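Please read the structure below before turning to the comments.
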Protein chains: 2
Amino acid sequence: MRNIRKSAPGEIAGYPVTAQRRLLLDLIREAGGHIDAKEIYRRASSRDESISLATVYRGLRLFKELGLVDEIRLGEVRGYYEIKRSVEHQHLVCKRCGKVIEFESPLIGEMVAKAQRAYSFNVTKAELYLEGYCQECKKKDS
Amino acid sequence: MRNIRKSAPGEIAGYPVTAQRRLLLDLIREAGGHIDAKEIYRRASSRDESISLATVYRGLRLFKELGLVDEIRLGEVRGYYEIKRSVEHQHLVCKRCGKVIEFESPLIGEMVAKAQRAYSFNVTKAELYLEGYCQECKKKDS
DNA sequence: TTAAGTGCAAAGGCTTTGCAGCATA
DNA sequence: TATGCTGCAAAGCCTTTGCACTTAA
């Protein structure tokens with residue numbers, strides 16, 4: 001983990017705000033939900049032909065370190081990114097059609113509290129991943 | 001997903017029980033907790049010099065499909081395997097020392113039930129991943 | 001001006017696959 | 001005996017890195 005600079009102007013605290021970084025953040029914001037590096041690169045390329053995949057990955061790593069985006073995993077595959085939101089949310093994924101539902105649950109907080117007490121941990125991150133079949137896919141399969 | 005054969009003798013239902021597969025399953029059992037492909041390969045090689053990494057991966061894929069092992073993710077890294085147990089359990093990982101605590105929580109069941117109702121999903125898998133700092137590492141860092 | 005970012009291409013990990021030979025059932 | 005597993009090596013993905021050039025501050 002590199003040192004993260006404190007205090008700074010611009011949205012990418014302490015780091016140079018380049019056109020590429022601005023573009024990448026915009027794209028992740030516009031994506032609304034989760035998006036992966038390849039898709040970010042594809043969309044970025046249509047606005048800036050010369051942007052490289054390496055820059056996408058370097059940007060994503062920086063944004064993660066700064067807490068601007070979260071890297072999440074859906075199913076077996078990690079490498080999806082989304083803008084960090086104030087409220088933590090969890091993912092429910094359909095194994096057949098790939099639909100992703102985001103939801104919040106107060107029970108998560110309870111579980112974190114329990115685990116902290118039981119194991120004397122200081123919990124900094126909690127992810128719940130649920131997988132199954134959505135209503136339509138249940139029907140289609142039967 | 002390949003077709004899984006029904007009804008069969010031996011522990012690897014319907015599939016030939018080869019020496020390699022038996023060895024791999026033994027190793028995963030002996031590991032007790034989570035173990036990754038590389039480490040399985042390393043340990044397997046010491047008992048069977050000629051076993052190949054491809055066989056390890058093919059075995060793991062088969063065991064997963066048959067429900068004999070679970071593939072889990074710890075932190076950013078997926079690719080850990082463990083013998084499937086009857087009771088679902090969750091993981092709590094220390095970001096500093098890497099210690100992994102497994103725990104069970106009845107709240108998971110509640111959350112699954114809630115999600116099923118709220119989104120008409122048929123939930124088949126639930127994973128909770130908690131990350132933070134254990135007691136010792138909290139002390140050391142301060 | 002100068003530390004830091006960028007593009008390009010090459011390299012790294014991990015995982016999968018094609019193929020010929022071998023083994024289980 | 002016949003299906004299917006194995007070892008080997010090559011190929012595939014995704015991600016990172018080295019280097020020379022460019023740019024934000």
Side-chain angles (χ1 to χ4, degrees), chain A residues 1-25 27 34-42 44-45 47-66 68-69 71-81, chain B residues 1-25 27 34-42 44-45 47-66 68-69 71-81:
Chain A
M1 180 81 77
R2 80 171 98 173
N3 274 327
I4 294 182
R5 309 177 199 169
K6 313 281 180 182
S7 74
E11 56 188 347
I12 307 175
Y15 290 87
V17 178
T18 62
Q20 291 90 333
R21 286 177 178 170
R22 211 190 307 273
L23 171 58
L24 293 175
L25 270 179
L27 287 171
H34 54 284
I35 184 171
D36 65 10
K38 197 162 67 176
E39 180 61 19
I40 293 171
Y41 175 61
R42 206 185 59 72
S45 297
R47 297 202 204 165
D48 169 2
E49 293 190 341
S50 74
I51 199 169
S52 76
L53 190 52
T55 296
V56 172
Y57 278 108
R58 284 188 281 231
L60 287 171
R61 198 203 303 180
L62 177 65
F63 302 156
K64 247 196 321 185
E65 286 179 13
L66 292 174
L68 295 173
V69 308
E71 181 178 6
I72 60 173
R73 185 195 55 150
L74 298 176
E76 306 285 274
V77 187
R78 88 187 162 99
Y80 289 98
Y81 298 83
Chain B
M1 180 81 79
R2 82 171 95 173
N3 274 327
I4 293 181
R5 308 178 203 169
K6 314 282 181 182
S7 74
E11 58 189 346
I12 307 175
Y15 290 87
V17 179
T18 63
Q20 291 91 334
R21 287 177 178 171
R22 211 191 307 273
L23 171 58
L24 293 175
L25 271 179
L27 287 171
H34 54 283
I35 184 171
D36 65 10
K38 198 160 66 177
E39 180 60 19
I40 293 171
Y41 175 61
R42 205 185 59 71
S45 298
R47 297 202 206 166
D48 170 2
E49 293 191 339
S50 73
I51 199 168
S52 75
L53 190 52
T55 296
V56 173
Y57 278 108
R58 284 188 281 230
L60 287 171
R61 198 203 303 179
L62 177 65
F63 302 157
K64 247 197 319 186
E65 285 178 13
L66 292 175
L68 294 173
V69 308
E71 181 177 6
I72 60 173
R73 185 195 54 149
L74 298 176
E76 306 284 275
V77 187
R78 89 187 160 98
Y80 290 98
Y81 298 84

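Just so you know, these numbers come straight off a predicted model, no measurement behind them. Every chain is numbered from 1 and lettered A, B, ... according to where its sequence line falls, protein lines coming before strand lines.
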For the side chain of T18(A), counting heavy atoms from C-beta on, which of dG5(C), dG7(D), dT15(D) is nearest? dG5(C)

NA contact type, L53(A), heavy-atom cut-off 4.0 Å: base, sugar-phosphate, or nothing? base

Quick check: on DNA chain C, is the nucleotide nearest A19(B) upstream (toward 5') of the one nearest S52(A), or the reverse? Name the residue that is more 5'. S52(A)

d(CZ, R21(B); P, dG7(D)) in whole Å: 11 Å

Residues in salt bridge (Lys or Arg N to Asp or Glu O under 4.0 Å) with R22(A), at least two apart? none

Who passes side-chain contact (heavy atoms from CB on, under 4.5 Å) against L60(A), sequence neighbours left out? I28(A), A37(A), I40(A), V56(A), Y81(A)

Protein-nucleotide distance (L62(A), atom CG; dT16(D), atom P), rounded to Å: 13 Å

Listed by chain and number, what are the side-chain hydrogen bond (donor to acceptor under 3.5 Å, both in side chains) partners of S45(B), not counting sequence neighbours? none

Please report the distance, rounded to the nearest Å, between CD1 in I40(A) and P in dC14(D). 14 Å

Over all heavy atoms of both residues, which pair between R21(B) and Y15(B) is shortest? Give the atoms and the distance, please. NH1-CB, 3.6 Å

Rounded to the nearest Å, what distance is computed from the CG atom of residue D36(A) to the C1' atom of nucleotide dC13(D)? 12 Å

Of the nucleotides dG5(C), dC14(C), dT6(C), which one has an atom closest to the side chain of Y57(B)? dC14(C)

Walk along nucleotides 17-22 of chain D from 5' to 3' and tag each nucleotide B, S or - by protein heavy-atom contact under 4.0 Å, base first, then sugar-phosphate. BB----

Is there a side-chain contact between L27(A) and I35(A) (heavy atoms, below 4.5 Å)? no

Name all residues meeting the side-chain contact (heavy atoms from CB on, under 4.5 Å) criterion together with R42(B); count only those two or more places apart in sequence or in a different chain, and write none if there are none. E39(B)

Nearest to the side chain of V17(A), heavy atoms from C-beta on, is which of dA25(D), dT15(D), dG7(D)? dA25(D)

For T55(A), which residues count as a side-chain hydrogen bond (donor to acceptor under 3.5 Å, both in side chains) partner, sequence neighbours excluded? S52(A)

How long is the line joining CG of D48(B) and P of dT6(D), in whole Å? 10 Å

Without decimals, in angstroms, what is the distance between Y41(A) OH and dC8(C) C1'? 10 Å

Side-chain N or O of Q20(B) less than 4.0 angstrom from OP1 or OP2 on dG7(D)? yes

Report the distance from atom CD of E65(B) to atom P of dT16(C), rounded to the nearest whole Å. 11 Å

Atom-to-atom span, OH of Y81(B) to P of dC14(C) - whole angstrom: 12 Å

